[in-house]
Amino acid sequence: QVQLVESGGGLGQTGGSLRLSCAASGSISSINAMAWHRQAPGKQREWVAQINNDDSTSVAESVKGRFTISRDNAKNTVYLQMNSLKPEDTAGYYCYARIRPSGFDSLRDFWGQGTQVTVSS
């Protein structure tokens, strides 16, 4: 079974930086798109950034110019570099990956358990 585990969350200051990591493990044949979503208390989960298997990327307007998504295919890991943090970035951050598990013909959706990011004013 495939598992995604996030790390790197914690407390940051306004204007500071954090780097999130998400490592995929298990029986994996291939990984296509990977992404980060976030969910603040009382709000719906929202898409933040995506990276495809050709390394093309896209980010949400709210984080454009501040957040950068990247991946290390050798480690099955996706990163989110978060710069110029704002209090509005406070949320649980969740890793997403579109993965074909070993023994499966189809791509499937996988989610991590989340890592908390808190940005102080």
Side-chain angles (χ1 to χ4, degrees):
Q1 185 60 41
V2 174
Q3 186 177 22
L4 304 180
V5 179
E6 302 97 336
S7 62
L11 178 64
Q13 283 193 319
T14 297
S17 298
L18 288 171
R19 184 175 177 85
L20 307 183
S21 300
C22 170
S25 62
S27 185
I28 297 171
S29 290
S30 62
I31 301 177
N32 282 5
M34 304 185 80
W36 289 94
H37 292 65
R38 66 186 181 184
Q39 187 170 25
K43 298 179 63 178
Q44 293 183 328
R45 187 170 298 186
E46 64 174 345
W47 170 81
V48 174
Q50 177 177 336
I51 184 166
N52 302 305
N53 58 4
D54 64 353
D55 282 343
S56 62
T57 63
S58 58
V59 299
E61 183 68 26
S62 59
V63 304
K64 188 174 297 183
R66 301 187 299 117
F67 290 9
T68 302
I69 188 170
S70 62
R71 67 157 77 193
D72 184 338
N73 291 328
K75 297 181 178 180
N76 286 339
T77 299
V78 63
Y79 305 94
L80 186 67
Q81 179 66 47
M82 308 165 62
N83 297 329
S84 302
L85 287 167
K86 302 177 179 180
E88 307 93 89
D89 297 321
T90 296
Y93 283 73
Y94 297 85
C95 180
Y96 164 88
R98 188 75 165 166
I99 296 173
R100 183 169 69 88
S102 296
F104 290 79
D105 292 332
S106 301
L107 294 166
R108 296 172 180 263
D109 297 329
F110 292 90
W111 290 92
Q113 295 298 311
T115 185
Q116 178 67 34
V117 170
T118 302
V119 182
S120 62
S121 301

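Atom set for the values below is all heavy atoms of this structure, side chains included, hydrogens, waters and symmetry mates excluded. The shown structure was predicted, so the numbers you read here are calculated from the model rather than taken from an experiment.
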So does Asp54 have more than 12 non-hydrogen atoms from other groups sitting under 6.0 Å from CG?
-> yes
With the side chain counted from C-beta on, respond yes when Asn76 and Ile31 share a heavy-atom pair under 4.5 Å apart, and no when they do not.
-> yes
Mind checking whether Ile69 and Met82 sit in one hydrophobic cluster, side chains of I, L, V, M, F, W, Y counted as touching below 4.5 Å?
-> yes
Quick one: do Arg100 and Asp105 make a salt bridge, cutoff under 4.0 Å?
-> no
Reported CG-to-CG distance for the pair Asn32 and Asn53, which is rounded to 0.5 angstrom | 5.0 Å
Could you tell me whether the side chain of Thr90 and the main chain of Thr118 form a donor-acceptor pair under 3.5 Å?
-> no
Are Tyr94 and Ile51 in one and the same hydrophobic cluster, where Ile, Leu, Val, Met, Phe, Trp and Tyr link if side-chain heavy atoms are under 4.5 Å apart?
-> no
Neighbour count >12 (heavy atoms, 6.0 Å) for atom CD, Gln113 | no
Separation between CG of Leu85 and OG of Ser120, rounded to the nearest 0.5 Å = 9.5 Å
So Tyr93 and Phe67, would you call those rings parallel, tilted or perpendicular, with 30° and 60° as cut-offs?
-> tilted
Test of ring centre spacing under 6.0 Å for Tyr96 and Trp111 | yes
Leu4 versus Ala97, closest heavy-atom pair with distance = CD1-N, 3.7 Å
Within residues 40-49 or reaching into it, pairs that qualify as side chain to side chain donor-acceptor pair (under 3.5 Å) - sequence neighbours excluded = Arg38-Glu46
Do Val59 and Met34 share a hydrophobic cluster, counting only Ile, Leu, Val, Met, Phe, Trp and Tyr and linking them when any side-chain heavy atoms are less than 4.5 Å apart?
-> yes
Which heavy atom of Ala33 sits nearest a heavy atom of Gln50, and at what distance?
-> CB-NE2, 3.8 Å
Can you get from Val48 to Tyr79 by hopping between Ile, Leu, Val, Met, Phe, Trp and Tyr side chains that sit under 4.5 Å apart?
-> no
Write down the atom of Ala91, the atom of Ala40, and the distance for their closest heavy-atom approach.
-> CB-N, 3.8 Å
Main-chain N/O of Ser62 paired with Arg66 side-chain donor or acceptor, under 3.5 Å | yes
Over 12 non-hydrogen atoms of neighbours within 6.0 angstrom of CD in Gln39 = yes
Separation of Leu80 CG from Cys95 SG (nearest 0.5 Å) | 10.0 Å
Hphob cluster co-occupancy, Val78 + Val2, side-chain heavy atoms under 4.5 angstrom = yes
Distance-only criterion, 3.5 Å: show the donor-acceptor pairs between side-chain atoms of residues 15-30 and protein atoms not counting sequence neighbours.
from: Ser17; atom 1: OG; to: Asn83; atom 2: OD1; distance (Å): 2.8
from: Arg19; atom 1: NH1; to: Gln81; atom 2: OE1; distance (Å): 3.2
from: Ser27; atom 1: OG; to: Ser102; atom 2: OG; distance (Å): 2.8

Pairwise side-chain contact, Asp55 with Arg71, heavy-atom cut-off 4.5 Å (strictly under) | yes
